[in-house]
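Below, chain A is the first sequence line, B the second, and so on; all start at residue 1. Note that the coordinates shown come from a computational prediction; the quantities given were computed from them, not determined experimentally. Note that these values count all heavy atoms, side chains included, but never hydrogens, waters or copies made by symmetry.
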Amino acid sequence: MSPSHPERVRFAPSPTGFFHVGSARTILYNWLLARQSNGAMLLRIDDTDTERNREEWVDGIYRAIRWLGLDWDEGPVRQSTRIDHYQAIAFDLFERGLAYWCDCTRETLDARKPPGTPPGYDGFCRDRKLSQGPGRALRFRVREGEIVVNDLIRSQVIFPAGAVEDFVILKSSLAPLYVLANVIDDIDFSITTVLRAEEHLPTTPKAVLLHEALGGPLPRFGHLPVLVNEQRRKLSKRRDRVAVEDYRQLGYLPEPMINYLALLGWNPGDDREFFTLDELIHAFSLERVGHSPAYFDEQRLLHFNKTYIASLSAQEFARIARPFVDPMMTGSTDGDERLAQILPEVQTRIGTLSELPAMIGFLFHFSPDYDELADRLRAGDDHYLKAVADVLAVTDPFDSPTIETSLRTAAEELGTSLRKLQAPVRIAITGAPIGPPLFHSMAILGRDECLRRIQALLEALHQRTPAPEPPLP
RNA sequence: GGCCCCAUCGUCUAGAGGCCUAGGACACCACCCUCUCAAGGUGGAGACACGGGUUCGAAUCCCGUUGGGGCUGCCA
C-alpha cells in the first residue's frame, strides 16, 4: 500500500504556542508518508509573523518531536531567514502585473461598503496602479475562473469564480504572508505532498494560484480532519488541554500517544488497534484517512497508555517510572529496594505514571490525618485491628503468603471474611481503602512498622471524644 | 451572511449495493475471578440524522433538508 515514489513532505509549524496534539498528529502522518515511501520530511519553522513568535516555542517544537520518537530529514528551515527571498519574488510578481499595491485599510474598506456587507476585499486598488509606498500592501491579482483543488483525502474541491478575493502577499511592512512564503518554500524544497489540517483547505486555492504564477509542478494536497473537543469545536489552546508537554508531565508515554493519534482519523481496515511506529509505517495509508472531525478522547488515550504500561517489562517500567517516583523517595533509606518490590504490583494498576506517588507513597513516608482514617472505620473494626496486631506479632516468616494465611485464619476465628478483616488493616497500613496488594505491602514495610501503624490508628480511635448525645427536645 | 468540509452506538470507527439480525475498541452495566483496587474472563445495553429518488435490493449511489464544523486577518 506504500507509494512507489519517494515523497518529499514537510511539517511546518508556527512557533506561537505549546506544541499541540493536533500538530503531533499532522507530523506523524507526514513522517509516516516519508518513511513508507523512502522519502524525506522537511521541518520548517513558519516564523514569518515576528509579532507572535517566541524562541522558546521553537525549542518546544524540537523537544516535542523528539519526545514523540519522531525526527526530520532536512531543516529546520527558518522562514524568518528567507524574508529577502520572498520579497524578491513578490516584487517580481508585481513587475509581471500579477500583484498590485493597495493602500486600503480595514477602516477605509468598511467605510466604503454598505453596512451589513460580508467581510472581504472589494478589489478597490486593482487598477489604481499604485506604486510601492508607506502603508501599502501588495495584493495578488486573482484570476478569473474557478479553481480546482484535487485533495488526496476529499477528492475534487471546486472553488467557484469570485470565491477567492485578491489577497495580501506582502504586508505594508513588507513582511511576507504565510501563503506566499509557503508556496515559495514548497517549490524551493521540491515538496511533493502537502499534508496538513483541514483548516487550511480554504486557503489552498490561493496556494494553487501562486503555484500557477510561480511555475513548477503543483504538489499534491491532503487535508486532515480537524481534532475537536467535547463541544465539537476545534481544539483550542485556550479552552482545552492540548499541549503534548502537558501529557508528558501527566505521565503519558510517547508510544501510546502515537498509537492513539494514528487511530484518530485513520484506521487499518481491520480490528487491529495496537501499533508500534514501525508497524504504522507499513500499515498507514492516506486512502484510509477519514473525512469527519475527530474528538480527542482523553479516556481512550488513557486506555492506550494503561495498556502500554502493563505490557512493559519490569525493567522498562522501573526505568520510566523513575522520574515520577524520585521526588517522594528522598530521605528514604532502603527506598530503591522497596520500590523494586512494589513496582510489579502496581504496573497494571495505573493509567499514567503520575498516579504512582499517590499509590505507593505510603511505603516511603507515612503521616496521615488519623482523625480522617478513624472516620473511615466501621463499628467493630477496632477489635479486628487488635486481633490482627496479635496475629502479626507471631507471624513468621513475615512475608506475603504467610501474612495472608495468618489473617485468613484470624478471620475464620473471628467469624468474618478476609475481605472484611483486611479493610481496616488496609486503612491503617496504607491510609486508603484501595491500593496495591496489602500483604505484599506489609511484607515490604516489615513487622515493626506494620504494628506501629496499627497501634497508631487504634490509639487515635480511642482518644477520640465520643460524639455528644444529641439533646432531646 | 458568503465559500468550503463533514454526517454509522456517548466516543474512535468497520462497512466501498445483497455477506448487516450493522462488526470491533473506549467508556458504561452485570456476573465470574479476587485481600482492596486493578488486570483477566463471560455477558449486556447502545448507532446507520431526516425526506425524496435510482435499484429486484441502499448504511452504502444521487438530490434536498437538517445538524455540526472550518475559513472569511496586512495570523498560521
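- Each of B:A76, B:C3, B:C74 was ranked by its minimum atom distance to the side chain of A:Asp46; first place goes to B:A76.
- Counting non-hydrogen atoms under 4.0 angstrom, A:Pro293 reaches the backbone sugars and phosphates but no base.
- The salt bridge (Lys or Arg N to Asp or Glu O under 4.0 Å) contacts involving residues 145-163 of chain A comprise A:Arg154-A:Glu198, where partners must be two or more places apart or lie in separate chains.
- Note: NE2 (A:His291) to P (B:U8) measures 13 Å, nearest angstrom.
- Following rounding to the nearest Å, A:Glu165 (CD) and B:C4 (C1') show an atom-to-atom distance of 14 Å.
- Listed candidates were B:A7, B:A76, B:C4. Nearest to the side chain of A:Pro160 is B:C4.
- Scanning residues 421-442 of chain A for heavy-atom distances under 4.0 Å to RNA chain B yields A:Gln422, A:Arg426, A:Pro433, A:Ile434, A:Gly435, A:Pro436, A:Pro437, A:Leu438, A:Phe439.
- Applying the salt bridge (Lys or Arg N to Asp or Glu O under 4.0 Å) test to residues at least two apart or on different chains, none of the pairs has a partner in residues 415-426 of chain A.
- Contacts between residues 138-152 of chain A and RNA chain B, counted as heavy-atom distances below 4.0 Å, involve A:Arg139.
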Are any protein N/O atoms closer than 3.5 Å to N/O atoms in nucleotides 9-11 of chain B? If there are, list each pair with its distance.
residue: B:U11; atom: O3'; partner: A:Arg232; partner atom: NH2; Å: 3.4

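- In this structure, the nucleotide among B:A25, B:C74, B:C4 sitting nearest to the side chain of A:Glu273 is B:A25.
- Scanning for salt bridge (charged side-chain N to carboxylate O under 4.0 Å, His left out) contacts around A:Asp188 gives A:Arg82, with sequence neighbours left out.
- Remark: A:Pro202, A:Thr203 in residues 202-210 of chain A come within less than 4.0 Å of RNA chain B through at least one heavy atom.
- Side chains of A:Tyr178 and A:Thr203: a donor-acceptor N/O pair is present below 3.5 angstrom, by distance only.
- As rounded to whole Å, 17 Å separates atom P of B:G68 from atom CD of A:Glu230.
- Relative to the ring axis of A:Phe366, A:Arg453 places its NZ or CZ within 45° and under 6.0 Å from the centre.
- The nucleotide whose nearest atom lies closest to any side-chain atom of A:Glu198 is, among B:C5, B:C35, B:C4, B:C5.
- With A:Phe124 as the aromatic partner, A:Arg112 meets the cation-pi criteria of under 6.0 angstrom to the ring centre and within 45 degrees of the ring axis.
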Which pairs, protein N/O on one side and nucleotides 39-48 of chain B N/O on the other, fall under 3.5 Å?
none

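- Nucleotide B:U60 is matched to nothing when pairs are restricted to Watson-Crick or G-U wobble geometry with both distances under 3.5 angstrom.
- The salt bridge (Lys or Arg N to Asp or Glu O under 4.0 Å) analysis of residues 404-413 of chain A, with sequence neighbours excluded, yields the pairs A:Glu404-A:Arg408.
- Residues passing the side-chain contact (heavy atoms from CB on, under 4.5 Å) test with A:Asp399, sequence neighbours excluded: A:Pro397, A:Pro401, A:Thr402.
- Contacts of A:Ser400 classified as side-chain contact (heavy atoms from CB on, under 4.5 Å), with partners at least two apart in sequence or in another chain: A:Phe439, A:His440.
- In the model, A:Asn305 has no side-chain atom that pairs as donor or acceptor with a side-chain atom of A:Thr352 under 3.5 Å.
- Rounding to the nearest 0.5 Å places OH of A:Tyr370 at 6.5 Å from CG of A:Leu457.
- For the contact set between residues 177-188 of chain A and RNA chain B, defined by any heavy atom under 4.0 Å, the members are A:Leu177, A:Tyr178.
- Each of A:Pro13 and A:Gly265 has a nearest nucleotide on RNA chain B; the 5'-most of these lies closest to A:Gly265.
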